[in-house]
Novice: 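Structure in structure tokens, see below.
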Amino acid sequence: MASDAAAKGGNAEREGKLIEMLIATRLEARAAKNFAQADAIRKSLAEIGVLLEDGSKGTSYKIQ
């Protein structure tokens, strides 16, 4: 069953904000040394084509 957002073609701004929220949650998990949760978030994002890149300026992402 598709969500209403998917049926309408999605919303790039909303999707970007959701990705940023997940990145922030992942960073909080890493800070708390909860690496299993951080890895699960990275894996879930990768499964939908969002690749995270950790660097000296923080975490960025690319959509494939």
Side-chain angles (χ1 to χ4, degrees):
M1 180 175 177
S3 69
D4 288 344
K8 294 177 185 175
N11 178 303
E13 182 179 350
R14 179 178 42 232
E15 290 169 8
K17 288 180 181 181
L18 288 168
I19 292 168
E20 292 292 337
M21 183 177 66
L22 287 167
I23 289 171
T25 301
R26 178 177 169 266
L27 291 175
E28 290 172 7
R30 288 178 67 189
K33 299 189 186 292
N34 186 346
F35 300 114
Q37 181 182 13
D39 290 345
I41 292 170
R42 177 187 283 275
K43 182 180 177 191
S44 294
L45 286 169
E47 288 173 354
I48 60 169
V50 179
L51 302 179
L52 300 184
E53 296 179 348
D54 295 316
S56 61
K57 296 182 180 180
T59 302
S60 61
Y61 66 92
K62 290 182 184 178
I63 298 177
Q64 289 189 323

Novice: To the nearest 0.5 Å, how far apart are OG1 in Thr25 and CD in Glu20?
Specialist: 11.0 Å
Novice: With rounding to the nearest 0.5 angstrom, report the CG to CG distance, Leu27 to Leu22.
Specialist: 11.0 Å
Novice: Just how far is it from atom CD of Glu15 to atom CD1 of Ile19, taken to the nearest 0.5 Å?
Specialist: 7.0 Å
Novice: Could you pull out every donor-acceptor pair under 3.5 Å between side chains of residues 43-50 and any protein atom, sequence neighbours left out?
Specialist:
| residue | atom | partner | partner atom | Å |
| --- | --- | --- | --- | --- |
| Ser44 | OG | Ala40 | O | 3.0 |

Novice: Distance-only, no hydrogens or angles: does the Arg26 side chain make a donor-acceptor pair with backbone N or O of Arg42 under 3.5 Å?
Specialist: no
Novice: Tell me which donor-acceptor pairs under 3.5 Å the side chains of residues 57-64 have, and how far apart each pair is, sequence neighbours excluded?
Specialist:
| residue | atom | partner | partner atom | Å |
| --- | --- | --- | --- | --- |
| Thr59 | OG1 | Asp54 | OD1 | 2.6 |
| Lys62 | NZ | Glu53 | OE2 | 3.3 |

Novice: How close do Ala29 and Ala38 get, counting heavy atoms only, and between which atoms?
Specialist: CB-N, 4.0 Å
